[in-house]
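The residues of the chain are indexed from 1 along the displayed sequence.
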Amino acid sequence: MEGVNLLLLVLVVVGSSTILDGLLLSSAMNSDIVCKENEKNSLIKFRQGFRNPSQSKMMSSWMLEENCCNWKGVECDNITGHVITLDLHQQFLQGEFGTSLLGLPYLRHLDLSQNDFLEDLFPEFIICKFKYLEYLNLHKTNFRGSIPEHLGNLSRLQFLDLGDGFSLRVDSLQWLQHLSNMRILDLSGVDLSNAKNWLHDISFLRSLMELRLSACHLPKLLPVSVNFTSLQVLDLSLNYLDAPFPSWLVNTSSQSLVHLNLKRSQLRGLLPNTAFGNMYSLRVLDLSENFILGKLPSFEGMTSVTFLDISRNFLEGNLPLTLPSKLKHLDLSSNNLEGPLAKSIVQLRQLVVLNVARNSFNDSITEHFLNFSDLRVLDLSSNSIILNITATWMPPFQLDIIGLMSCQHGTQFPLWLHTQKDFSFIDISHSNISDEVPDWFWNLSPKVQHMNLSLNYFRGEVPQVTSRLTSLEELDLSKNNFHGPLPHFSPKMKVLILSRNSFNGTISPVCESLVVNNSLMFLDLSRNFLSGTLSDCWRYGKNLAILNLGNNHLFGEIPHSFGYLATLIHLILRNNRLSNNLPLSLKNLQGLKILDLAGNCLSGNIPSFLGETSQNLMFLSLRKNKFNGNIPLQLCQLKNLIILDLSTNALSGTIPKCVKNFLTMAGVEEIPSLVYGPYEEYRKYVIVMLNERGYDHSFISSLSLFPFVILDLSDNHLSGEIPEEITTLGQLRLLNLSRNNLTGAIPCDISKMQFLEALDVSRNDLSSFLPSSMAELLFLELFNVSFNSLTGKIPIGRQFDTFENSSYIGNPELCGTPLFRSCSGHFREDITHCNTLKEQDVTSIHQHEEDNWLDESSFYISMGIGVITGFWAFWATLSLKTSWRHAYMRYLNTMGNKIYVFVAIRLPNRHKSG
């Protein structure tokens with residue numbers, strides 16, 4: 001036996017020696033191969049077409065005196081010496097493609113991916129010359145134009161990557177049917193919107209292993225029978241398939257699949273319960289951001305899957321008790337899933353990412369169910385989850401992302417967080433914790449970038465986090481009970497929200513932190529007890545987009561340096577004690593959309609530049625100040641206004657007729673959503689404002705369901721009539737002109753303001769009757785015309801049957817329900833100023849008709865006079881002039897004879913021919 005083993009050992013050694021000698025011999029032969037001179041020149045010319053070839057690690061090795069077969073990125077055929085490979089991938093070069101590569105007709109492998117050809121047209125000569133090409137990679141090369149159908153002539157092609165060609169398009173994929181050897185196809189980003197039969201054409205590629213068509217504007221996925229028996233990777237993400245889960249993926253086509261990505265592809269409907277039954281090899285499944293309904297299907301057949309993302313759909317019901325045991329990434333966030341969670345995840349020992357946020361899971365979880373040694377992401381936010389974890393628990397993982405918003409930890413700070421030293425994101429907001437934040441928490445992780453402790457009952461002072469949390473970019477401590485001075489922050493801070501606490505002192509820590517090259521974009525210090533002057537320290541706030549210092553005790557002038565905040569979108573300084581005029585420097589804030597200065601002591605005229613340079617304004621609130629003078633006509637240039645509140649000032653003059661130029665209020669421009677998006681937070685301020693003004697809670701609740709479109713000029717010294725042009729603002733929800741000196745009548749066309757929910761014109765000197773058409777305001781909930789000089793009958797029906805006596809008091813000449821004053825005979829319902837105007841219009845029409853009749857009569861009379869005058873002038877002349885009379889009679893006699901002869905001759909001939 002030992003002899004046999006020795007013999008085998010000798011044979012192995014001899015065989016290995018023979019193989020090694022062969023490899024050395026082959027290598028020696030390759031080194032003797034010299035590339036063709038003409039092909040070398042083509043490569044040199046191609047190199048010269050780039051702007052920075054010396055920066056390329058590969059091209060920098062292209063020495064003219066050397067054999068080009070030894071150049072990096074170049075490979076020659078061992079026998080012929082022809083260049084067969086050119087691989088310059090990821091060199092990040094820029095230049096023109098040119099035609100120099102025409103000198104390399106024997107290329108089999110061409111990879112120029114991730115170089116920039118500056119939007120050159122797609123090189124069609126590739127198709128004509130490179131008939132031996134097997135591998136073509138032009139991924140991220142910045143070509144433009146149409147991909148020619150002649151690409152189908154490259155019959156040897158096995159690999160084609162034109163991905164991220166967002167300037168390329170294809171009208172048809174029929175040419176793919178000729179590429180039977182194709183194994184990998186990537187057209188991601190190419191415009192395929194006109195390729196109606198794309199799936200049918202691709203189905204001819206029987207050997208296809210990888211198909212990537214992400215973000216291709218693919219047309220609607222039609223039901224087609226296909227069978228990709230070799231397909232391993234399928235990516236149709238970021239498209240508009242507008243179809244249910246493809247049925248052909250449920251059959252045998254899916255057995256070989258390893259990677260399936262249908263993210264944001266407009267899939268809709270239910271997932272078949274057997275959708276994944278045959279996907280034994282599948283490792284990655286991404287169905288996120290679609291419109292998938294119903295319950296989760298069974299995952300029993302998916303024994304290999306490690307990545308599962310079905311987030312942002314409309315799935316409901318409970319989790320299956322058994323999930324694929326090899327899962328490392330599980331994301332079910334933003335669905336409607338419910339029921340218990342712990343028992344379904346406890347067996348997933350390899351989990352790295354667990355995200356079930358924004359569902360309706362209801363469970364109590366102990367540390368026993370969180371025994372995941374590799375876990376890096378844990379997000380249980382926005383569920384009904386209680387974490388029953390002991391204070392001494394030492395978790396086996398180190399988290400990078402900690403998302404525990406709305407999870408209940410008890411009233412004390414969760415001590416197990418003491419073990420986490422490496423997180424970059426933490427959110428424990430809305431958790432009902434009423435404790436001091438331990439000092440060790442601020443020193444836990446030097447790499448933390450996002451920290452959210454809002455909506456709790458934390459108390460105590462916040463330490464100076466500048467030196468401790470040097471990487472922190474977003475800090476939200478709002479809606480707690482923190483007190484003491486404001487903390488300093490590092491130049492890396494982008495978002496700082498400290499609102500609704502009890503911070504006191506000055507804002508000097510903010511000024512001291514606003515150094516050169518700071519990153520601050522969002523600063524909210526509202527609803528605290530900050531005092532002192534609003535320091536003139538904003539010169540370096542060039543990145544600020546949101547600044548909210550409202551509801552504090554700040555005083556003094558608005559600083560001139562606010563004019564340096566050129567990127568500012570929201571400026572909210574409401575409810576402080578700021579005084580004096582608005583600084584002229586505010587005209588530099590040309591991107592401003594929200595300006596709220598209400599509840600201060602600002603004075604002077606409303607500056608005209610607000611309408612001239614801030615034409616993006618959507619919210620302008622100057623209420624409860626000391627502004628005087630007329631409303632500047634320039635404000636009418638603010639066509640995007642949704643809310644204009646100038647109430648409780650000392651404004652005089654008339655209401656400008658140019659209010660019709662408020663195009664968003666008029667419905668000409670679209671109203672943005674105030675429920676979601678950048679204005680959601682401001683919606684809350686409007687609700688507070690309405691509460692302050694004493695509006696009914698039920699009215700505010702109903703109004704908050706719709707866009708706030710408000711015009712409030714109340715409590716000023718405005719005079720004159722209500723302009724008729726105000727009725728063109730058909731999208732207004734609230735119109736308040738009360739407590740002014742307005743006269744005249746309520747505009748007749750007020751019924752055009754069909755969405756009006758609150759109308760207050762009380763405490764003016766309005767007269768005349770209430771227009772009966774006001775009963776057509778179907779959404780009107782609040783109505784007040786009290787303390788005017790209105791007369792006549794109150795409109796009846798619909799909403800007017802719900803208003804109480806208080807809406808009308810102070811108008812002694814008004815009558816009808818709900819007043820106890822009945823209308824006498826002379827108070828007829830149809831005698832209003834609007835009807836008077838209509839009667840004037842009718843009178844005008846009748847007068848016009850009478851004028852027309854007079855014109856017609858004049859015409860006929862003139863015509864009659866003309867006929868009579870002409871007749872008697874003719875016969876009078878003949879009776880007085882004898883020679884003319886005889887000549888005229890001879891003429892009549894001659895003409896009579898000619899007519900007689902003509903009839904006598906022609907008539908018999910016609911009878912004969914008949």
Side-chain angles (χ1 to χ4, degrees), residues 636 641-644 647 654-668 695 699 703 706-714 718-803 807-808 810-811 813-814 816-817 829-841:
C636 293
L641 273 182
I642 296 175
I643 294 177
L644 176 59
S647 62
T654 61
I655 299 174
K657 294 184 177 182
C658 59
V659 292
K660 63 184 179 182
N661 295 330
F662 296 149
L663 299 184
T664 302
M665 290 185 178
V668 177
Y695 288 104
F699 165 71
L703 190 64
F706 301 98
F708 294 105
V709 187
I710 296 173
L711 177 59
D712 194 339
L713 306 178
S714 63
L718 299 174
S719 57
E721 296 187 353
I722 300 174
E724 193 75 30
E725 288 79 4
I726 208 167
T727 63
T728 64
L729 307 181
Q731 294 295 319
L732 273 185
R733 267 30 181 210
L734 187 153
L735 175 61
N736 192 349
L737 305 177
S738 65
R739 298 177 183 271
N740 280 289
N741 302 316
L742 299 174
T743 58
I746 295 175
C748 298
D749 290 334
I750 196 167
S751 59
K752 291 181 179 179
M753 306 174 77
Q754 54 182 339
F755 295 112
L756 209 58
E757 298 181 40
L759 174 62
D760 191 347
V761 293
S762 63
R763 298 184 183 276
N764 281 285
D765 194 21
L766 299 174
S767 57
S768 192
F769 293 72
L770 290 173
S772 58
S773 62
M774 294 182 75
E776 299 174 15
L777 298 174
L778 302 181
F779 296 101
L780 200 61
E781 290 192 30
L782 294 180
F783 179 64
N784 193 348
V785 293
S786 61
F787 299 102
N788 280 285
S789 301
L790 298 170
T791 59
K793 187 175 181 180
I794 296 171
I796 58 174
R798 297 174 177 162
Q799 297 294 92
F800 277 82
D801 292 341
T802 65
F803 300 138
S807 297
Y808 306 101
N811 293 280
E813 297 298 320
L814 274 181
T817 309
E829 185 180 355
D830 60 341
I831 302 180
T832 68
H833 66 284
C834 299
N835 289 327
T836 302
L837 290 175
K838 292 178 181 177
E839 289 173 3
Q840 291 174 356
D841 293 339

Peer 1: How about Gln731 and Thr664: do any of their side-chain heavy atoms sit closer than 4.5 Å?
Peer 2: no
Peer 1: Report yes if the side chains of Leu766 and Leu790 come closer than 4.5 Å at any heavy-atom pair, otherwise no.
Peer 2: yes
Peer 1: When rounded to the nearest 0.5 angstrom, what distance separates CE in Met774 from CZ in Phe769?
Peer 2: 14.5 Å
Peer 1: How close do Asp801 and Ile796 get, heavy atom to heavy atom, and via which atoms?
Peer 2: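 Nearest heavy atoms, Asp801 then Ile796: OD1-C, 4.1 Å.
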Peer 1: In Å, rounded to the nearest 0.5 Å, how long is the span from CE of Met753 to CG of Leu711?
Peer 2: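 The CG atom of Leu711 is 7.5 Å from CE of Met753, to the nearest 0.5 Å.
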Peer 1: Hey, could you give me the NZ/OG1 distance between Lys752 and Thr728, rounded to the nearest 0.5 Å?
Peer 2: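 Answer rounded to 0.5 Å: 8.5 Å.
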Peer 1: Would you say Tyr808 and Val785 make side-chain contact, with heavy atoms under 4.5 Å?
Peer 2: yes
Peer 1: Between Phe783 and Phe800, is a ring pair (Phe, Tyr, Trp, His ring centres under 6.0 Å) present by the stated rule, with each step listed?
Peer 2: CA-CA 9 Å; Phe783 179 64; Phe800 277 82; 5.1 Å; yes
Peer 1: Report the distance from atom CG of Asn736 to atom CG of Asp712, rounding to the nearest 0.5 Å.
Peer 2: 4.0 Å
Peer 1: Starting at CD1 of Ile750, measure out to OG1 of Thr727 and round the result to the nearest 0.5 Å.
Peer 2: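 Rounded to the nearest 0.5 Å, the CD1-OG1 separation comes to 8.0 Å.
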Peer 1: Could you tell me whether the side chains of Ser789 and Asp765 share a donor-acceptor contact shorter than 3.5 Å?
Peer 2: yes
Peer 1: Would a 4.5 Å heavy-atom cut-off, applied to side chains only, mark Val659 and Leu644 as touching?
Peer 2: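 A side-chain contact is absent here, since even the closest heavy-atom pair is not under 4.5 Å.
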Peer 1: Do Arg733 and Phe755 come within less than 4.5 Å of each other through their side chains, counting heavy atoms only?
Peer 2: yes
Peer 1: Please tell me if the side chains of Glu776 and Arg798 come closer than 4.5 Å, counting only heavy atoms from C-beta onward.
Peer 2: yes
Peer 1: Tell me, do Leu718 and Asn764 make a side-chain contact under 4.5 Å, heavy atoms counted?
Peer 2: no
Peer 1: Do Leu770 and Ile746 come close enough that some side-chain heavy atom pair is under 4.5 Å?
Peer 2: yes
Peer 1: Side chain of Asn811, backbone of Asn788: donor and acceptor closer than 3.5 Å?
Peer 2: yes
Peer 1: Under the side-chain contact (heavy atoms from CB on, under 4.5 Å) rule, what do Asp760 and Leu782 come out as? Steps first, then yes or no, please.
Peer 2: CA-CA 8 Å; Asp760 191 347; Leu782 294 180; over 6 Å; no
Peer 1: Roughly how far apart are Glu725 CD and Asn661 CG, rounded to 0.5 Å?
Peer 2: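 Nearest 0.5 Å value for the CD-CG distance: 10.0 Å.
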